[in-house]
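Written below as structure tokens is the structure these notes are about.
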Amino acid sequence: MFESFDYGNLNRETHAVHGTHRIDTATGAISMPIFQSATFRHPELHQSTGFDYSRGLNPTRLELEDTLALLEHAKYGLAFSSGMAAISAFVKLFEPGDHIVVSSDLYGGTWRLFNDYYAKYGLRFSWVDTADLAGVRAALRAETRGLVIETPSNPLMRISDIRGLADLMHNHRSDSLVAVDNTFLSPYYQNPLDLGADFVIHSGTKYLSGHNDCLSGFLAHSSVELAERMRTIQMSEGAALGPFDAWLTLRGIKTLAVRLDRQSENARRIAEWLRRHPKVERVLYPGFADHPGHDLCQSQARGFGAMISFYLKDAAEAPRLLKNISLILFAESLGGVESLLTYPLEQTHKAIPREMREAGGVTDRLMRLSVGIEKVDDLIADLERAFG
Ligand SMILES: Cc1ncc(COP(=O)(O)O)c(C=O)c1O
């Protein structure tokens with residue numbers, strides 16, 4: 001049904017455009033068809049085309065999964081209906097009693113999933129500043145078998161040492177699993193498996209699909225031993241990505257490199273502009289040479305991404321700014337072509353108890369900006385007008 005071409009070693013920009021180079025031999029279609037079919041006919045008993053039922057495997061989703069694996073330098077990719085569904089599938093690898101160390105500064109939805117739900121089923125979580133390797137070491141227990149980090153973290157842009165943490169965990173227990181949520185940098189800028197992580201997590205809703213028009217989530221890994229188990233978890237839970245959203249994400253990935261080049265350059269310009277603004281107290285952007293994680297980020301990634309967080313001097317400025325921006329949209333989410341401004345305290349991190357949020361730095365003065373591909377001068381003009 002498909003012919004796959006092997007072009008040898010290609011660069012990641014090219015992989016993003018061409019994926020696995022599968023071409024439909026019947027039609028020659030350049031765009032992977034949307035196989036909008038729940039089930040597949042068997043020629044006879046014990047025979048299959050390889051596709052039986054779309055919860056288990058679907059050709060459009062498979063092309064996306066293999067493309068993501070290619071980009072993440074992984075053997076296996078798995079696509080889910082959202083980033084949360086991917087994280088939830090990863091957690092199924094643990095047993096009641098296992099202890100998992102998690103970045104204290106990470107997406108609020110992940111905090112809620114672990115704290116409000118999985119803790120009830122006997123998993124134990126510790127929330128630790130994973131940018132501090134010694135702090136992670138101190139949090140380890142005999143039953144610690146997992147580490148889940150975001151780097152850069154959401155929303156405080158802390159950088160964790162993927163290599164150092166993976167070594168620490170694997171020396172602690174050889175059966176430990178280290179997962180890096182790579183949503184903020186995408187495989188275009190960072191490949192955690194090359195640095196020793198066992199799993200990469202993505203909210204594909206963000207940079208991978210890139211157009212704020214669909215949800216998706218991913219796991220990527222290279223464990224031959226876990227390959228079948230992960231497929232069975234995906235198939236059993238039933239949160240696999242549907243064919244149309246798989247196709248939308250595949251289409252988005254084709255322009256990942258050009259979007260991120262533009263978004264990152266825009267972000268650098270805006271971060272510098274914000275830093276000079278009299279109403280802004282501090283800008284958190286790993287691209288600044290004086291950001292605490294700048295050198296580490298540079299040593300483990302190929303770019304600093306297009307996310308910026310900043311503290312206003314006065315909390316009363318926050319509602320004004322959110323009301324007054326017009327080109328930049330006041331909305332949750334990130335990574336798409338449209339620039340979005342988010343108020344983490346009330347949106348992405350609302351699930352975390354207020355005292356914990358504020359102690360960690362998610363205060364009423366913190367704003368998070370996802371920079372899009374618009375002309376940067378228009379974005380700066382919008383911010384200038386909104387600040388008044
Ligand atoms: C870093 C990060 N990981 C995971 C998620 C969850 O992804 P989704 O919204 O696709 O379920 C988000 C969502 O904002 C996120 O920002």
Side-chain angles (χ1 to χ4, degrees), residues 64 68 72 78-91 102-118 127 130-131 147-160 162 179-190 192 197 199-220 234 237 239-242 245-246 248-249 252-253 263 284 286 301 305-309 329-336 338 340-352 357 360 362 366-371:
L64 172 63
L68 196 272
E72 278 296 5
L78 298 123
F80 298 86
S81 56
S82 68
M84 293 319 303
I87 296 171
S88 193
F90 171 71
V91 176
V102 190
S103 295
S104 50
D105 167 34
L106 92 174
Y107 173 56
T110 308
W111 187 90
R112 178 177 50 216
L113 181 71
F114 290 174
N115 193 68
D116 294 2
Y117 298 99
Y118 283 113
W127 306 91
T130 53
L147 177 73
V148 177
I149 64 170
E150 283 181 14
T151 179
S153 62
N154 180 6
L156 298 174
M157 312 301 288
R158 291 204 181 106
I159 308 296
S160 296
I162 300 174
V180 178
D181 185 329
N182 203 24
T183 299
F184 266 35
L185 287 186
S186 92
Y188 183 54
Y189 284 137
Q190 185 167 266
F199 276 81
V200 176
I201 297 167
H202 278 285
S203 168
T205 315
K206 312 295 169 15
Y207 290 101
L208 291 169
S209 59
H211 294 76
N212 289 318
D213 56 8
C214 72
L215 297 176
S216 62
F218 294 97
L219 291 177
Q234 182 194 39
E237 286 201 319
L241 190 63
D245 287 346
L248 278 174
T249 308
I253 286 177
Q263 285 173 277
L284 309 177
M307 295 300 298
I308 303 168
S309 293
L329 304 162
F330 170 29
E332 287 194 45
S333 203
L334 62 107
E338 298 92 357
L340 304 181
L341 188 64
T342 301
Y343 195 41
L345 186 75
E346 293 291 340
Q347 295 183 291
T348 50
H349 290 68
K350 199 174 168 65
I352 304 173
R357 265 177 289 168
V362 180
L366 183 74
M367 316 297 295
R368 193 191 75 185
L369 180 63
S370 168
V371 181

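First listed ligand is number 1; within each ligand, the first listed atom is number 1.
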Worksheet, complete the sentence: min-distance protein heavy atom vs atom 2 (C) of ligand 1 -> Asp181 OD2, 3.5 Å

Worksheet item: Taking N or O atoms only and a 3.5 Å limit, does Thr110 qualify as a polar contact for ligand 1?
Response: no

Worksheet item: Got an N/O contact under 3.5 Å between Arg368 and ligand 1?
Response: no

Worksheet item: Would you say His349's side chain and Leu106's backbone share a donor-acceptor pair under 3.5 angstrom?
Response: yes

Discussion item. Taking 4.0 angstrom as the limit and counting only heavy atoms of Ser216, give me the atoms of ligand 1 inside it, by number and element.
Written reply: 10 (O)

Discussion item. Please confirm whether Thr348 approaches ligand 1 to less than 4.0 Å, judged on its heavy atoms.
Written reply: no

Worksheet entry | Closest contact, heavy atoms only, Gly360 versus Arg158 | O-NH2, 3.7 Å

Discussion item. Can a donor-acceptor pair be found, under 3.5 Å and without considering hydrogens, that links the side chain of Ser370 to the backbone of Leu334?
Written reply: no

Discussion item. What protein heavy atom lies closest to atom 12 (C) of ligand 1? Include the residue and the distance to one decimal.
Written reply: Lys206 NZ, 3.3 Å

Worksheet item: Can you check whether Leu215's main-chain N or O pairs, donor with acceptor, with Ser82's side chain at less than 3.5 Å?
Response: no

Practice prompt. Check Ile162 against Pro192 and note the closest heavy-atom contact, atom names and distance.
Written response: CG2-O, 4.1 Å

Item to complete: Indicate the atoms forming the closest heavy-atom contact of Tyr343 with Leu366, along with that distance.
Response: CD1-O, 3.4 Å

Discussion item. Can you confirm whether Leu248 sits close enough to Asp213 that some side-chain heavy atom of one is under 4.5 Å from a side-chain heavy atom of the other?
Written reply: yes

Worksheet, complete the sentence: Of all protein heavy atoms, the one nearest atom 5 (C) of ligand 1 is Tyr107 CD2, 3.5 Å

Discussion item. Counting non-hydrogen protein atoms only, what is the nearest one to atom 16 (O) of ligand 1? Give residue, atom name and distance.
Written reply: Asn154 ND2, 3.2 Å

Worksheet item: Can you tell me if Ser333 has a non-hydrogen atom under 4.0 Å from ligand 1?
Response: no

Worksheet item: Are Leu334 and ligand 1 in contact, using a heavy-atom cut-off of under 4.0 Å?
Response: yes

Item to complete: Tell me which protein heavy atom sits closest to atom 10 (O) of ligand 1, plus the residue, atom name and distance to 0.1 Å.
Response: Thr205 OG1, 2.6 Å

Worksheet item: Which atom names give the shortest non-hydrogen contact between Tyr107 and Glu150, and what distance separates them?
Response: N-OE2, 2.9 Å

Worksheet item: Would you say ligand 1 has an N or O under 3.5 Å from any N or O of Leu215?
Response: no

Worksheet entry | Within reach of ligand 1, part of Glu150 (heavy-atom separation under 4.0 Å) | side chain

Fill in: From Phe218 atom CZ to Leu64 atom CG, the distance as rounded to the nearest 0.5 Å
4.0 Å

